[in-house]
Each structure stands twice: as C-alpha cells, then as structure tokens.
Amino acid sequence: NIINENYPQPLLTDNRVAVGSMINNFPYSAICRINYNGGNGTGVLVGPNLVLTAAHVVFDKNNNNAKFEDWIAQPKVAGNGSSNTHVGWTQVYYYENWMNNHNWEYDIAICVLGENLGSNPEYQYMHLQYLSDDLLKSLPAIRAVGYADDLQGSFHQYYSDGKVNSVSTYGFTTSCY
C-alpha cells in the first residue's frame, strides 16, 4: 500500500485490503466515492436514489454549514478516480444536532440523488435492517468498506475485517482499521 505521509499513521497494524476487481460485485458496487469541492468521502446506495453518508461530507462545518459545491456520488470508482456514472443530490436529510454543534454522534446524512442509480443492476443497493446491540456484538466479524483518504488519493476502495467492540445509541466501534 502507498501511504500518504500527510495523514497520521495508524497505531495498529494496517490490515486494509484493496477491493480490486471485486468492485464489480455486490456489495462493493453499492459503495460510492463522494466528491465535492475541497475533498471526498464515502457513501453507500441504500435505495434506488438514496445515498447514506456522513453529514460532514455534505456540509462544511468550517464555513457556517454551507453545502459543499459540486457534490457528486460515483459508484464503483477504481484506479483513475472516476467512474462512468456520477450524480448530484436534490435533497438532503440530516440531524439538527449535527448542524447546531457538530456532535459526531449525529454525523449522518441521507442524500436524495437526481437519478435512480440503485435501479441499475450494475450498482444495486443495500437493504438496511435493524440489528440489536447483542446481535451486533455477537457477530464473528464485520467488514468496513470505503475510499481511504490516506491510501492512493482515495481512488480505490479498501476493506478491513474486525469485530464490534461497543454499541451506543448512534453507532458502534470496531476493531477494523
């Protein structure tokens, strides 16, 4: 892996693995690279025209919560940083607590896309379901997937496997890096 020296390095062993050619298979095909002026992030298709992402990938907390300009979701980005498909959002849903005080427990956004990407069998979308705290903790392993900013300019998807360590009202922590 090519590590970007401008980012803090992990304290633990970095066990992230490049998704590579698996990007054409579900669930990796549902993972989107989010581009916006000044940065990028990761999102996931959770409906035909819905992307689940972090609020800090949609709103600039350092600029009075302004919406990032030129925001686009690109599924299946590999290698050169582009995909054949990219689409912006038309509406966004978020927690007021994120906008009011940038509490990380509320750092979540649902973006309504301008096109139904998830209805294309090439991309598909995740079907979300509720898992109890006990069930999450009992899972033998989970896989975290995304576009890592500190590896190769975030132009490749990476995954890491780990265990759920703890569960809170708004999320969970894992041993994935």
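FYI, the numbering just counts along the sequence from 1. Atom set for the values below is all heavy atoms of this structure, side chains included, hydrogens, waters and symmetry mates excluded.
The NZ atom of K61 lies 5.0 Å from the CH2 atom of W98; values are rounded to the nearest 0.5 Å. With values rounded to the nearest 0.5 angstrom, N24 atom CG is found 8.0 Å from S29 atom OG. We find the CZ-NE2 distance between R16 and H156 to be 13.0 Å, quoted to the nearest 0.5 Å.
Not counting sequence neighbours, E69 has no partner by the side chain to side chain donor-acceptor pair (under 3.5 Å) test. For N65, the side chain to side chain donor-acceptor pair (under 3.5 Å) criterion is met by H102, not counting sequence neighbours. For Y94, the side chain to side chain donor-acceptor pair (under 3.5 Å) criterion is met by no residue, not counting sequence neighbours.
I142 is not listed as a side-chain neighbour of D161, based on a closest heavy-atom distance of 4.5 Å or more. By the 4.5 Å heavy-atom criterion applied to side chains, M126 and F26 are counted as neighbours. With contacts defined as side-chain heavy-atom distances shorter than 4.5 Å, the pair E115/N49 does not qualify. In this structure, C111 and V58 have side chains that are in contact, with non-hydrogen atoms separated by less than 4.5 Å. Side-chain contact check for I34 versus C32: some heavy-atom pair is nearer than 4.5 Å. D70 has its side chain out of reach of Y36: every pair of non-hydrogen atoms, C-beta onward, lies at least 4.5 Å apart. Residues Y147 and T42 form a side-chain contact, since some pair of their non-hydrogen atoms from C-beta on lies under 4.5 Å apart. Between E105 and Y95 the shortest side-chain heavy-atom distance does not fall below 4.5 Å.
A pairwise comparison of heavy atoms in V51 and A73 identifies CG2-CB, 4.4 Å as the closest pair. The two atoms that bring Y158 and A18 nearest to each other are CD2-N, 3.5 Å, heavy atoms only.
Judged by distance alone, the side chains of N35 and Q74 do bring a donor and an acceptor atom under 3.5 Å apart. Looking only at atom types and distance, the side chain of Y93 has a donor-acceptor partner in the side chain of Q91 under 3.5 Å away.
Note: W89 and W71 have perpendicular aromatic rings, judged against thresholds of 30 and 60 degrees for the angle between ring planes.
Looking only at distances, a side-chain donor or acceptor of Q157 sits under 3.5 Å from a matching main-chain atom of Y28. Judged by distance alone, with hydrogens and angles left aside, the side-chain atoms of D60 form no donor-acceptor pair with the main-chain N or O of A66 at under 3.5 Å.
Placement of L113 and I72 in two distinct hydrophobic clusters is found when ILVMFWY residues are connected by side-chain heavy-atom separations under 4.5 Å, directly or transitively. By the criterion of side-chain heavy atoms lying less than 4.5 angstrom apart, applied directly or through intervening Ile, Leu, Val, Met, Phe, Trp or Tyr residues, F68 is grouped together with V92 in one hydrophobic cluster.
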